[in-house]
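A quick write-up on the structure given underneath.
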Amino acid sequence: MEKLKNLFKQKADQLAAQNKDILKAHGTKKIGEVQLSQIFQGMRGITGMVYETSLLDANEGIRFRGFTIPELQQKLPKAKGGSEPLPEGLFYLLLTGELPTEADVAELSKDWAKRNKIPSHVYKTLDALPVETHPMTQFVVGVMALQTQSQFAKKYAEGINKKEYWSYVYEDSMDLIACLPEIAAYVYRRKYKGGKKIDSNPNLDWGANFAHLLGFEGEGFTELMRMYLTIHSDHEGGNVSAHTTHLVGSALSDPYLCFAAGMNGLAGPLHGLANQEVIKWIFEMQKSLGSDNPSSEQIADYVKKTLADGKVVPGYGHAVLRKTDPRFSAQQEFAKKHMPKDPMVNTVWKIFETVPPILQGLGKVKNPWPNVDAHSGALLVHYGMKEFEYYTVLFGVSRALGVLAAGIWSRALGLPLERPKSVTSKNVTEWLEGKEQIWGD
Ligand code: CMX
């Protein structure tokens with residue numbers, strides 16, 4: 001796969017030179033102003049980093065290298081007989097900014113299949129954990145155990161020129177992506193299928209092999225995996241998993257360490273874990289109502305109860321988006337095509353009609369619309385994957401494509417250690433009283 005690496009290097013050299021010129025000519029230009037409320041309220045709206053692979057628009061949603069999800073569904077290569085994009089193609093696009101050919105994607109599939117080599121100590125490490133350990137914890141432990149393979153860490157210890165960092169970060173990222181389906185599937189088989197591991201099939205594409213490793217052989221689930229792994233991959237740089245991976249990478253921690261850190265962020269219920277929370281919440285609602293086909297009125301009452309209990313409605317709201325998440329819409333389209341009569345899917349659609357006006361009525365929720373996590377679980381339940389605690393691992397495998405591609409860019413552009421300034425509340429009070437200057441001149 002030297003071709004891809006060379007293409008990346010060519011693009012990275014170009015952009016690095018361009019950025020150098022831009023900074024020389026315009027480095028003192030200002031982008032926005034920081035308000036006190038932003039400092040206290042999660043830094044919303046502060047532009048503070050460069051992240052090359054994707055960009056989020058509050059109303060239009062995610063664009064991967066400028067392409068919307070429907071555009072990518074049209075333009076990216078597909079498996080023979082399939083209609084969803086192959087995640088390999090999305091990775092190629094994120095890394096190079098160019099749409100791949102079918103041959104490029106086939107080559108990448110083969111390269112990842114070749115790199116999929118997991119040393120036995122990774123399985124032994126996972127086997128040392130209690131089987132009931134949350135799948136995200138097991139997944140992160142598996143990734144950490146694989147860190148022994150890091151070429152970047154080894155080369156850094158030997159002493160390398162900083163111009164070569166990107167090359168080893170590239171190799172580690174490719175190796176890690178190649179191994180993730182097998183580690184993730186091992187966690188699933190270990191926790192839910194009595195430890196019966198399935199061997200990889202190197203002739204399958206990355207998404208199809210993941211479906212096979214999990215133990216789901218039908219074409220429907222395989223197509224779902226290809227779509228799922230494509231649309232969850234990247235959401236610009238500020239979300240918790242991407243930002244964490246990016247931040248840890250800025251300390252020159254290797255891709256295994258960075259990605260594991262990002263996954264610990266994805267495992268939070270306000271971020272990726274929301275996908276398990278959605279299905280858990282629906283199962284609980286069904287149980288409390290004694291029905292798997294609740295009416296809109298029953299759903300509305302259950303939503304109000306959730307809010308009255310001081311909880312959030314999982315799968316709704318977003319820190320940046322202000323409209324229905326196009327990743328939700330892509331999954332809705334998939335459901336309309338493959339399972340329009342599924343009861344769980346129909347409940348998700350009824351929730352979509354019911355929740356936004358209730359959240360709007362609270363007067364404080366900035367985005368009452370569904371996000372990516374509101375729909376994904378229902379599709380998985382349809383194909384028989386009901387173990388909702390596992391869902392965030394699927395999200396994590398996909399997220400690797402975006403955050404690791406972005407990490408390669410960060411090292412190729414020589415981005416420095418990330419270290420924003422913080423203040424204390426006492427500082428702020430004194431500054432407001434005119435007593436102390438927080439920021440230097
Ligand atoms: N249910 C109930 N209340 C909600 C809400 C929801 N779905 N979304 C926002 N709110 C509340 C917030 O908790 C906040 O309340 P307080 O002022 O009492 O603290 C208020 O509305 C304002 O919040 P906001 O500015 O609209 O939203 P934030 O940027 O602070 O938070 C998010 C964004 C995603 C954490 C929030 O919408 C939420 O908790 N959603 C449910 C969890 C979820 O689905 N997360 C997944 C997001 C996608 C992903 O990362 O995978």
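- For Y256 and F152, the distance between ring centers is not under 6.0 angstrom.
- To the nearest 0.5 angstrom, L257 atom CG is 4.5 Å from Q147 atom CD.
- Neither side chain, Y92 nor E98, offers a donor N or O lying under 3.5 Å from an acceptor on the other.
- Counting only heavy atoms from C-beta outward, the side chains of D205 and R226 approach each other to under 4.5 Å.
- Proximity of a side-chain donor or acceptor of N275 to a complementary backbone N or O of Y391 within less than 3.5 Å is detected.
- No more than 12 heavy atoms of other residues, nucleotides or ligands sit less than 6.0 Å from atom CD1 of I31.
- Between F283 and F388, the two ring planes are tilted [angle within 30° to 60°].
- For K311, there are no salt bridge (Lys or Arg N to Asp or Glu O under 4.0 Å) partners two or more places apart in sequence or in a different chain.
- Closest heavy-atom contact between V428 and V423: CG2-CG2, 3.8 Å.
- Remark: aromatic rings of Y123 and Y186 are close, center separation under 6.0 Å.
- Between the side chains of S150 and D172, a donor-acceptor pair is found at a separation under 3.5 Å.
- Going from atom CG of L229 over to atom CZ of F210 covers 6.5 Å, rounded to the nearest 0.5 Å.
- With hydrogens and angles disregarded, no donor-acceptor distance shorter than 3.5 Å links the side chain of N6 to the backbone of K3.
- Aromatic pair W166/F8: centroids less than 6.0 angstrom apart.
- No hydrogens or angles considered: nothing links the side chains of H338 and E219 as a donor-acceptor pair under 3.5 Å.
- For the 3.5 Å distance criterion, the side chains of H382 and D342 qualify, holding a donor opposite an acceptor.
- A salt bridge links R115 with E171: the distance from a Lys NZ or Arg NE/NH1/NH2 to an Asp or Glu carboxylate oxygen falls below 4.0 Å.
- We find that R63 and E236 are not joined by a salt bridge, their nearest charged nitrogen and carboxylate oxygen being 4.0 Å or further apart.
- Looking at N264, its side chain does come within 3.5 Å of a backbone N or O of A260 through a donor-acceptor pair.
- We find that D373 and R327 are not joined by a salt bridge, their nearest charged nitrogen and carboxylate oxygen being 4.0 Å or further apart.
- Taking all atoms of both residues into account, the shortest heavy-atom contact from T53 to G402 is OG1-O, 4.1 Å.
- Under a 3.5 Å cut-off, the side chain of S398 and the backbone N or O of L394 do not form any donor-acceptor pair.
- Separating the CD1 atom in I183 from the CE atom in M144 is a distance of 11.5 Å, to the nearest 0.5 Å.
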_ring-ring contact (aromatic ring centres under 6.0 Å, His included) assessment of W112 paired with F91_ = CA-CA 12 Å; W112 285 352; F91 179 79; 5.3 Å; yes
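- Side-chain N/O atoms of K124 and H121 include no donor and acceptor closer than 3.5 Å.
- Listed here is the closest heavy atom pair of A211 and F221: CB-CD2, 3.7 Å.
- Interatomic distance, OG1 of T392 versus NE2 of H232, reported as 9.0 Å (0.5 Å rounding).
- Between the side chains of S200 and N116, at least one donor-acceptor pair of N or O atoms lies under 3.5 Å.
- Put simply, the side chain of Q73 never gets that close to the backbone of P85: no donor and acceptor are under 3.5 Å apart.
- F64 has its side chain out of reach of L55: every pair of non-hydrogen atoms, C-beta onward, lies at least 4.5 Å apart.
- Annotation: side chain of E52 is in contact with side chain of R65 (closest heavy-atom distance under 4.5 Å).
- With hydrogens and angles ignored, the 3.5 Å screen pairs a side-chain donor or acceptor of Q38 with a backbone N or O of R44.
- Shown here for E88 and S109, the closest heavy-atom pair between the two residues is OE2-OG, 2.6 Å.
- Classification of the H246-H243 ring pair by plane angle, with boundaries at 30° and 60°, yields tilted.
- Comment: E60 does not engage R322 in a salt bridge, judged by the lack of any side-chain N to carboxylate O separation of less than 4.0 angstrom.
- Here the closest non-hydrogen pair linking Y316 and P368 is CD2-O, 3.3 Å.
- Checked against ring-ring contact (aromatic ring centres under 6.0 Å, His included), F67 has no partners two or more places apart in sequence or in another chain.
- Using modelled atom types, no side-chain atom of K155 and backbone atom of A153 make a donor-acceptor pair closer than 3.5 Å.
- With hydrogens and angles left out, the side-chain atoms of D254 and Y156 include no donor and acceptor closer than 3.5 Å.
- No side-chain donor-acceptor contact under 3.5 Å links W369 and H318.
- There is no side-chain donor-acceptor pair under 3.5 Å between H375 and Q332.
- Rounding to the nearest 0.5 Å places CG of L95 at 5.0 Å from CD1 of I408.
- A salt bridge links E430 with K426; the closest basic N to acidic carboxylate O contact falls under 4.0 Å.
- Ion pairing between K191 and E389 holds under the 4.0 Å rule for side-chain N and carboxylate O.
- Electrostatic pairing of D175 and K117 does not count as a salt bridge here, judged by no charged N lying under 4.0 Å from a carboxylate O.
- We find that K11 and D13 are not joined by a salt bridge, their nearest charged nitrogen and carboxylate oxygen being 4.0 Å or further apart.
- Contact of the L180 side chain with the L176 side chain is registered, since non-hydrogen atoms from C-beta on lie closer than 4.5 Å.
- R190 has a carboxylate O that lies under 4.0 Å from a charged side-chain N of D127, or vice versa, which qualifies the two as a salt bridge.
- No more than 12 heavy atoms of other residues, nucleotides or ligands sit less than 6.0 Å from atom NZ of K386.
- With hydrogens and angles disregarded, a donor-acceptor distance shorter than 3.5 Å links the side chain of E71 to the backbone of T68.
- In this structure, K78 places its NZ atom where more than 12 heavy-atom neighbours from other residues, nucleotides or ligands lie under 6.0 Å away.
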Distance-only check: which donor-acceptor pairs under 3.5 Å involve side-chain atoms of residues 265-273, not counting sequence neighbours?
from	atom 1	to	atom 2	distance (Å)
H271	NE2	S241	N	3.2
H271	NE2	S241	OG	2.9

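- Ion pairing of E2 with K5 is absent here, as no side-chain N (NZ or NE/NH1/NH2) approaches a carboxylate O to less than 4.0 Å.
- Contact record, L214 with R189: O-NH1, 3.1 Å, taken as the closest heavy-atom pair.
- Here the OG1 atom belonging to T47 is positioned 12.0 Å from the CE atom belonging to M43, to the nearest 0.5 angstrom.
- Two residues are said to be in side-chain contact when any heavy atoms from C-beta on lie closer than 4.5 Å; S376 and F395 fail this criterion.
- Surrounding CE of M49 are more than 12 heavy atoms belonging to other residues, nucleotides or ligands, all under 6.0 Å away.
- For the pair M263/V143, no side-chain contact is recorded, criterion being any heavy-atom separation below 4.5 Å from C-beta on.
- Between the side chain of N371 and the backbone N or O of D325 there is no donor-acceptor pair closer than 3.5 Å.
- The environment of CD in E33 is sparse: at most 12 heavy-atom neighbours from other residues, nucleotides or ligands sit within 6.0 Å.
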